[in-house]
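Values below: all heavy atoms of this structure, side chains included; hydrogens, waters and symmetry mates excluded.
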Amino acid sequence: MDTFAFIIHPIDPKRDVSRKFPLLGRVLNEKQINFFSTFFPPVYISEITGITSQATGKEIKGWFIACPYTPKRMLELPEQTVYRKIIQTGRLAEKLGAQILGLGAFTSVVGDAGVTIANALDVPVTTGDSYTVMVAVDAIREAANVMDIPLKTATAAVVGATGAIGQVCAELLADDVERLYLIGRRQDKLEELRDRLRLQSRCELIVSTQMDVLKEAQLILTVTSAIQDVVRPEHLQPGSVVCDVARPRDVSAMVAAVRDDILVIDGGMVDVPGPVDFHFNFGFPAGKAYACMAETIALALEGRFEDYTLGKHLTRARVEEIDQIAKKHGFRLSGFRSFEKEVTTQQIEAVRRNAKNARLTRAAHM
């Protein structure tokens, strides 16, 4: 039976440590978890069973293994120390017999985005970023649809547009919308991206290093690797959709708390084919996974045991290829989630209603 492994790590220290070690999660505070995580060995989490291809009927199994560092720790410690711990976790995957290894959350963005880690291991490695891009763009398209935002005339924005994921998201969205804001920290990099996209798209492209231009956008895809949230309630227009692909999140929890006229969705949740059991609760409903996990699983189903998505440069060709592979085996975009909870049709209706009222109130005051 073909196999895979996927590295996870604690993002919300207390909550995530409690999922595997309830006692430690209760006893230690966040500061202590951050500190002690430096000395923890890699942790075996669970075996994953039941994944079955819809196309071929092939069944595979996998494992969750954890790198103990929190995002905060990964940024504080010397890069080499972090690499060492992730490579150590990768060795555990090799011992288990995994034929491909996926890097989850922050382990995929540290340093050179998986290249050093892949070079140090015998098992092929992928960050899952290619499928993450496709699922995020599909989620934005689907959300535009349910919010009655016609794509052809829409204004969209990509925050973190010059990053590996942001660039390809921008390339795909530029084909869909009328106007696209490219937002990032470095003006020169943004202009470079704009000039490249101009050669292949008729969409109007505007670059900015300021977040307040988000007021102009109805569809926002945010993919920075910032540690703090960057998208705030005052940045957004009523009725807009924000798809947050970043972990830790880019969208402030304040947005959900004070803006009931905006649809905030987490970057793409995917249905995994077959009666899958992860034997571990990572916060998703049964049978559903993050897109980056799904990329690793889809490659194992396809028998593509090779380094797949690595480094800071993603290509559209690779994004479209993994989309085809995933579709073939039965992976599907699976509804929306927002701040770890399912988004219901009633919630979407409420957002649409509140947005309409907010617009009417605003018009009355003009």
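Side-chain atoms of R318 and T315, non-hydrogen and from C-beta on, do get closer than 4.5 Å to each other. Within the 4.5 Å cutoff, the side chain of M254 has no heavy atoms near those of the R259 side chain. With a 4.5 Å cut-off on side-chain heavy atoms, L197 and L182 count as touching. The side-chain heavy atoms of L219 and L151, taken from C-beta on, include a pair separated by under 4.5 Å. Looking at heavy atoms from C-beta onward, Y181 lies out of side-chain contact with L205 at the 4.5 angstrom threshold. Looking only at side-chain heavy atoms (C-beta outward), F6 and W63 stay at 4.5 Å or farther from each other. In this structure, Q218 and V241 have side chains that are not in contact, with every pair of non-hydrogen atoms separated by 4.5 Å or more. In this structure, the side chains of I51 and V272 come closer than 4.5 Å at one or more pairs of heavy atoms.
Sorted by first and then second residue, the salt bridge (charged side-chain N to carboxylate O under 4.0 Å, His left out) pairs involving residues 47-67 (not counting sequence neighbours) are D2-K58. Sorted by first and then second residue, the side chain to side chain donor-acceptor pair (under 3.5 Å) pairs with a member in residues 77-91 read Y83-D112; sequence neighbours excluded. Residue pairs meeting the salt bridge (charged side-chain N to carboxylate O under 4.0 Å, His left out) criterion with at least one member in residues 114-123, sequence neighbours excluded, do not occur. Applying the salt bridge (charged side-chain N to carboxylate O under 4.0 Å, His left out) definition to pairs two or more places apart or across chains, those involving residues 280-305 are D271-K288, E302-K328, R304-E306, R304-E321.
Hydrophobic clustering places L75 together with Y69 (ILVMFWY residues linked when any side-chain heavy atoms are closer than 4.5 Å, directly or through intermediates). Follow the hydrophobic side-chain contacts under 4.5 Å out from V258 and you never reach V251; the two are in separate clusters. Under a hydrophobic-cluster definition in which Ile, Leu, Val, Met, Phe, Trp and Tyr are linked whenever side-chain heavy atoms come within less than 4.5 Å, directly or via other members, F39 and L28 are assigned to the same cluster.
With hydrogens and angles disregarded, no donor-acceptor distance shorter than 3.5 Å links the side chain of S240 to the backbone of L236. Formation of a donor-acceptor pair under 3.5 Å by the T107 side chain with backbone atoms of G104 is found in this model. Remark: the backbone N or O of V146 is paired with a side-chain donor or acceptor of R352 at under 3.5 angstrom. No donor-acceptor distance shorter than 3.5 angstrom exists from the side chain of S252 to the backbone of V231, with no hydrogens or angles considered. Distance alone, capped at 3.5 Å, places no donor-acceptor pair between the D261 side chain and the V351 backbone. Between the side chain of H279 and the backbone N or O of D277, at least one donor-acceptor pair lies under 3.5 Å. Formation of a donor-acceptor pair under 3.5 Å by the H329 side chain with backbone atoms of A326 is not found in this model. With K189 contributing its side chain and G184 its backbone, the two residues share no donor-acceptor pair below 3.5 Å.
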F336/D266 under side-chain contact (heavy atoms from CB on, under 4.5 Å): CA gap, chis, key distance, verdict: CA-CA 7 Å; F336 303 125; D266 300 339; over 6 Å; no
Verdict with supporting geometry, V133 and V245, side-chain contact (heavy atoms from CB on, under 4.5 Å): CA-CA 9 Å; V133 167; V245 187; over 6 Å; no
Verdict with reasoning, Y290 to F284, per ring pair (Phe, Tyr, Trp, His ring centres under 6.0 Å): CA-CA 9 Å; Y290 286 107; F284 270 19; 4.4 Å; yes
I65 and I45: CA distance, side-chain angles, deciding distance, side-chain contact (heavy atoms from CB on, under 4.5 Å) verdict: CA-CA 5 Å; I65 50 184; I45 300 287; 5.6 Å; no
Verdict with reasoning, L263 to V343, per side-chain contact (heavy atoms from CB on, under 4.5 Å): CA-CA 9 Å; L263 180 62; V343 178; 4.0 Å; yes
Check against salt bridge (Lys or Arg N to Asp or Glu O under 4.0 Å), R316 and E320: CA-CA 6 Å; R316 181 172 181 162; E320 286 168 345; 3.0 Å; yes
Step-by-step side-chain hydrogen bond (donor to acceptor under 3.5 Å, both in side chains) determination, T3 to Q99: CA-CA 5 Å; T3 56; Q99 290 162 280; 3.3 Å; yes
Verdict with reasoning, T127 to S108, per side-chain hydrogen bond (donor to acceptor under 3.5 Å, both in side chains): CA-CA 5 Å; T127 60; S108 68; 5.5 Å; no
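Looking at every heavy atom in both residues, V207 comes nearest to L190 through CG1-O, 3.6 Å. The heavy-atom pair separating E342 from R337 by the smallest distance is N-NH1, 3.8 Å. Closest heavy-atom contact between V125 and D307: N-OD1, 2.7 Å. Residue A291 comes nearest to Y131 through the heavy atom pair O-CD2, 3.4 Å, listed as atom of the first residue, atom of the second, then distance. The shortest non-hydrogen separation linking P275 to T52 is CD-OG1, 3.9 Å. Residues P273 and L301 come closest through the heavy atom pair CG-CD1, 4.3 Å.
Judged by the 6.0 Å distance and 45° axis criteria, R19 is not positioned over the aromatic ring of F282.
Classified by interplanar angle (parallel below 30°, tilted 30° to 60°, perpendicular above 60°), the ring pair F64/F280 is perpendicular.
Distance check, rounded to the nearest 0.5 Å: CG of N354 to CG of D260 gives 4.0 Å. To the nearest 0.5 angstrom, I87 atom CD1 is 7.0 Å from T116 atom OG1. Of the inter-residue distances, the one linking R198 atom CZ with C203 atom SG reads 10.0 Å to the nearest 0.5 angstrom. Note that the CG atom of L299 and the CD1 atom of I60 stand 9.5 Å from one another [nearest 0.5 Å]. Atoms CG and CZ, from D175 and R202 in turn, are 9.5 Å apart once rounded to the nearest 0.5 Å. To the nearest 0.5 Å, atoms CD1 (I183) and CD (Q210) are separated by 9.5 Å.
Not a single ring-ring contact (aromatic ring centres under 6.0 Å, His included) links F305 to another residue, sequence neighbours left out.
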Sequence neighbours left out, cut at 3.5 Å: what donor-acceptor pairs do the side chains of residues 154-173 make with other protein atoms?
{"residue": "T155", "atom": "OG1", "partner": "R179", "partner atom": "NH1", "Å": "2.7"}
{"residue": "Q167", "atom": "OE1", "partner": "R196", "partner atom": "NH2", "Å": "2.9"}
{"residue": "Q167", "atom": "NE2", "partner": "T162", "partner atom": "O", "Å": "2.8"}
{"residue": "E171", "atom": "OE2", "partner": "Q200", "partner atom": "NE2", "Å": "3.1"}

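Summarising the local packing, NZ of K341 is surrounded by 12 or fewer heavy atoms from other residues, nucleotides or ligands at distances under 6.0 Å. For R185, the CZ atom is loosely surrounded, since the number of other residues' heavy atoms within 6.0 Å does not exceed 12.
Just one residue in the list L333, D176, I149 forms a side chain to side chain contact (heavy atoms under 4.5 Å, CB included) with R141, and that residue is D176.
Electrostatic pairing of E76 and K72 counts as a salt bridge here, judged by a charged N lying under 4.0 Å from a carboxylate O.
For the residue pair Q347 and T344, a side-chain donor N or O sits within less than 3.5 Å of a side-chain acceptor on the partner.
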